[in-house]
There are 4 protein chains.
Amino acid sequence: MAFLKKEEKKNRIIETSLKLFSKNGFHNTTIPDIAKSLNMSVGNMYNYFSSKEILAMAIIRYTSDILGEKIKKINKMKISAHEKIRKIVAMYFNIADKKPEMIEYFLRVYLSNRDVFKNGCEGMICVSAFVTEIMIFFEENVRNGELRDQDFFSAFGLFMGYLGGMVFLKGEEVLEKSLDDYVDDISENIYFALKA
Amino acid sequence: MAFLKKEEKKNRIIETSLKLFSKNGFHNTTIPDIAKSLNMSVGNMYNYFSSKEILAMAIIRYTSDILGEKIKKINKMKISAHEKIRKIVAMYFNIADKKPEMIEYFLRVYLSNRDVFKNGCEGMICVSAFVTEIMIFFEENVRNGELRDQDFFSAFGLFMGYLGGMVFLKGEEVLEKSLDDYVDDISENIYFALKA
Amino acid sequence: MAFLKKEEKKNRIIETSLKLFSKNGFHNTTIPDIAKSLNMSVGNMYNYFSSKEILAMAIIRYTSDILGEKIKKINKMKISAHEKIRKIVAMYFNIADKKPEMIEYFLRVYLSNRDVFKNGCEGMICVSAFVTEIMIFFEENVRNGELRDQDFFSAFGLFMGYLGGMVFLKGEEVLEKSLDDYVDDISENIYFALKA
Amino acid sequence: MAFLKKEEKKNRIIETSLKLFSKNGFHNTTIPDIAKSLNMSVGNMYNYFSSKEILAMAIIRYTSDILGEKIKKINKMKISAHEKIRKIVAMYFNIADKKPEMIEYFLRVYLSNRDVFKNGCEGMICVSAFVTEIMIFFEENVRNGELRDQDFFSAFGLFMGYLGGMVFLKGEEVLEKSLDDYVDDISENIYFALKA
DNA sequence: GATGAATGAGCTTTCATTCAT
DNA sequence: AATGAATGAAAGCTCATTCAT
């Protein structure tokens with residue numbers, strides 16, 4: 001492990017903790033659990049993240065950055081707002097399928113442990129990469145007339161809440177179809193809701 | 001307190017725990033915390049709810065029943081689907097304003113502590129009162145041609161996720177306006193998304 | 001239940017507690033458990049036995065009296081020491097079979113909860129009915145020359161320990177045969193050990 | 001304490017718990033009691049034994065091994081069955097005198113807390129070291145004609161029950177003489193019972 | 001950097017006993 | 001005599017964090 005740079009090792013810790021926190025929840029995942037998963041000593045973990053909360057905050061930033069990056073790519077495409085919505089929904093559900101821990105972390109850790117994120121992540125600052133790209137998407141397409149002008153958070157809540165809600169339902173095993181099969185319905189619904 | 005019947009006392013416990021769980025989270029609220037809030041001994045609490053998890057499950061049923069009841073009333077009104085959506089959104093935000101603990105419990109306790117609700121509330125069974133009324137709303141208005149026919153969960157996820165998402169944003173203090181001021185925008189968005 | 005005299009009701013409580021204590025152990029049997037078994041309120045139980053320990057001590061006296069009575073009958077028979085030993089062993093194993101709770105109470109409650117019996121049953125005083133009859137048996141048959149003269153407790157320990165040990169082994173399910181099938185072997189062994 | 005290896009420390013915990021459990025009983029000895037006796041924190045105890053029951057089972061194995069080892073040595077001696085019996089009785093009473101906790105643990109913890117030993121020690125598996133050596137003693141001396149052939153458990157119950165019974169009587173302070181003074185009587189009785 | 005034994009406060013839950021009715 | 005809600009101390013166990021090596 002000595003050949004890994006400090007930053008690489010931090011990422012390894014983040015990836016592993018992300019999975020464990022998402023699967024078992026923040027309070028049911030212990031630092032020894034994480035350390036064991038990483039074949040690392042408990043004490044050494046503290047050389048990289050000085051507390052469980054600081055680790056949790058690093059994870060949400062990490063996750064938000066990856067999601068933001070993916071939306072940024074979609075934003076740069078030369079396609080209609082309608083098509084962009086579809087791509088965002090498809091991308092989101094694809095992640096929920098392939099790397100469910102990323103979405104679940106939002107839903108089950110970030111959303112519900114306010115106190116953990118209180119000192120350092122207040123006001124969505126730690127998910128700004130993700131929020132910003134949704135904002136760019138929204139404002140660009142309002143400007144070019146494809147989407148109706150309205151309060152940004154009315155639109156943001158729709159995206160974030162709707163997509164998150166569907167992933168939650170999937171997790172509860174109440175959906176008969178795969179998330180993939182919902183892409184059409186849901187992107188249409190979002191488009192109808194927002195279009196000019 | 002002796003003049004309260006067992007059922008009334010259970011409800012008092014539920015109401016108080018609901019507030020504490022919503023405010024501080026399930027794992028940060030201890031049974032002694034709840035007991036103290038109720039001026040009741042820890043041991044006696046266990047005469048009413050035999051474990052913390054069983055209490056948590058009673059609360060979600062209680063909350064879902066109240067919400068379901070309110071939607072049921074709206075469902076019975078002789079108004080258009082468009083107006084019903086507006087009433088549901090207004091009612092939801094009104095509760096989020098007046099009794100925020102009910103909505104927050106959904107978001108911060110039920111949604112994110114899968115293991116707590118695993119034995120007894122699997123598959124949304126404990127929120128069925130709420131889900132059922134949304135289902136009735138949706139199917140009646142599809143039948144009478146006001147809403148587009150689509151997978152129920154595509155519609156349900158929109159309602160539940162969108163409204164929950166807005167309340168979350170409010171809780172994060174990122175909304176400048178009061179929830180009330182969002183009723184118009186959001187009910188329009190939902191209507192556009194679902195209308196025939 | 002009102003037609004039962006106080007003494008009869010105490011016996012009912014004793015019989016029921018005897019079974020529960022024997023089956024689950026003293027510490028794993030709660031007063032509410034006993035009360036429920038008796039269809040009686042917890043508070044009322046305390047009208048008959050003012051503490052769990054006092055109940056436990058009443059039980060050992062009750063049990064010892066019954067066993068002592070049975071040995072007394074054997075002592076009065078006009079048969080040889082050899083035959084008396086056989087009868088005692090057979091009687092003991094018969095009880096262990098038909099009312100195992102009586103023997104188990106000796107083994108699993110009385111023997112192992114010294115502190116419970118400390119104030120009121122010190123020095124085998126609560127089992128004296130049983131001990132006395134064994135003593136009578138022993139001394140009479142020493143006097144008439146059928147048994148060797150030796151320290152009484154050397155003989156008493158043989159009876160009590162051997163028989164108790166066999167019942168313990170039965171309880172551990174390591175004996176392939178029924179206790180009844182051991183009567184011959186064991187009474188021979190005891191007789192050989194003690195005879196003049 | 002850092003110079004002690006993990007195994008040595010486990011043994012230290014076993015020795016101390018053995019004393020406390022024997023003296024006060026399993027249910028009246030708390031983990032904090034044990035930890036305090038060891039000048040160790042409660043939490044750290046759980047690094048060595050993951051539950052109170054697992055500790056109790058480790059103790060019975062430990063104790064049985066030591067007793068078994070002592071009988072094994074006697075078994076290897078080139079002396080008569082009669083003399084071996086005497087040595088076993090003497091050894092047993094010597095331990096009961098010098099390390100009474102070992103014998104008391106059998107009597108007051110192992111024998112009477114069936115549920116504690118249910119998962120892991122069923123069917124005398126945790127005392128097999130001791131049982132096996134008694135079996136070897138018995139079978140060898142049946143084979144060479146010194147002891148009568150009979151069901152093993154008839155003989156085993158005699159040893160275990162008789163010796164245990166005497167130690168129990170000693171503990172109840174009803175014996176006027178020291179255990180040592182009973183060696184002659186009791187080994188004669190056992191020998192008469194078992195001899196060919 | 002790396003280790004993992006050690007800490008101890010804090011958690012959920014239990015239960016003998018009391019007492020107002 | 002009878003009820004059972006109420007008490008509260010104490011139990012077994014957990015875990016974030018530290019620190020000597």
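Order of the sequence lines fixes the chain letters, A, B, ..., with proteins taken first and strands second; residue numbering starts at 1 for each chain.
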If the cut-off is 4.0 Å, is [X] near the phosphate of [N], judged by side-chain N/O to OP1 or OP2?
{"X": "Lys6(C)", "N": "dA1(F)", "result": "yes"}
{"X": "Lys52(A)", "N": "dT17(F)", "result": "no"}
{"X": "Lys10(D)", "N": "dA5(E)", "result": "no"}

Toss me the dot-bracket line for DNA chain F: Watson-Crick and G-U wobble, both under 3.5 Å, 5' to 3', using | for pairs to another strand and [ ] for crossers.
.||||||||||||||||||||
Would you name the heavy atoms of [X] and [Y] that are closest together and state the gap between them?
{"X": "Arg12(B)", "Y": "Leu38(B)", "result": "NH2-O, 3.5 Å"}
{"X": "Leu111(B)", "Y": "Leu111(A)", "result": "CD2-CD2, 3.6 Å"}
{"X": "Tyr110(A)", "Y": "Glu172(B)", "result": "OH-OE1, 4.0 Å"}
{"X": "Gly171(A)", "Y": "Arg114(B)", "result": "O-NH1, 3.6 Å"}

Whole-Å gap separating [atom2] ([N]) and [atom1] ([X]):
{"X": "Glu7(A)", "N": "dG1(E)", "atom1": "CD", "atom2": "P", "answer": "11 Å"}
{"X": "Phe49(D)", "N": "dT14(F)", "atom1": "CZ", "atom2": "P", "answer": "16 Å"}
{"X": "Lys36(C)", "N": "dG4(F)", "atom1": "NZ", "atom2": "P", "answer": "11 Å"}
{"X": "Lys5(D)", "N": "dA5(E)", "atom1": "NZ", "atom2": "C1'", "answer": "16 Å"}
{"X": "Phe26(D)", "N": "dG12(F)", "atom1": "CZ", "atom2": "P", "answer": "8 Å"}
{"X": "Asn28(D)", "N": "dA16(E)", "atom1": "CG", "atom2": "P", "answer": "12 Å"}
{"X": "Asn44(B)", "N": "dC19(E)", "atom1": "CG", "atom2": "P", "answer": "16 Å"}
{"X": "His27(A)", "N": "dC15(F)", "atom1": "NE2", "atom2": "C1'", "answer": "11 Å"}

Only one of Asp33(C), Ile31(C), Thr29(C), Leu55(C) forms a side chain to side chain contact (heavy atoms under 4.5 Å, CB included) with Ser17(C), so which one is it?
Leu55(C)
Looking at the side chain of [X], which of [options] is the nearest nucleotide?
{"X": "Ser51(D)", "options": "dA6(F), dC13(F), dA6(E)", "answer": "dC13(F)"}
{"X": "Asn47(A)", "options": "dC13(F), dA16(F), dT3(E)", "answer": "dT3(E)"}
{"X": "Ile31(B)", "options": "dT12(E), dA16(E), dG8(F)", "answer": "dT12(E)"}
{"X": "Val42(A)", "options": "dG4(E), dT7(E), dG12(F)", "answer": "dG4(E)"}
{"X": "Ser41(A)", "options": "dT3(E), dG4(F), dA6(F)", "answer": "dT3(E)"}

Quiz item: cation-pi between Lys10(C) and Tyr62(C), 6.0 Å / 45°
no
Are more than 12 heavy atoms, taken from residues, nucleotides or ligands other than Lys99(A), located less than 6.0 Å from that residue's NZ atom?
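It does: Lys99(A) NZ has more than 12 such atoms within range.
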For Ile125(D), does the CD1 atom sit with more than 12 other heavy atoms under 6.0 Å from it, leaving out its own atoms?
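Open: at most 12 neighbouring heavy atoms sit under 6.0 Å from CD1 of Ile125(D).
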Judged by each residue's nearest nucleotide on DNA chain F, which is more toward the 5′ side, Tyr46(A) or Tyr46(D)?
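Its nucleotide being nearer the 5' end, the pick is Tyr46(D).
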Please compare Pro32(B) and Tyr48(D) by the position of their nearest nucleotide in DNA chain E and report the one closer to 5'.
Tyr48(D)
5'-most contact on DNA chain E: Glu53(B) or Met45(D), nearest heavy atom basis?
Met45(D)
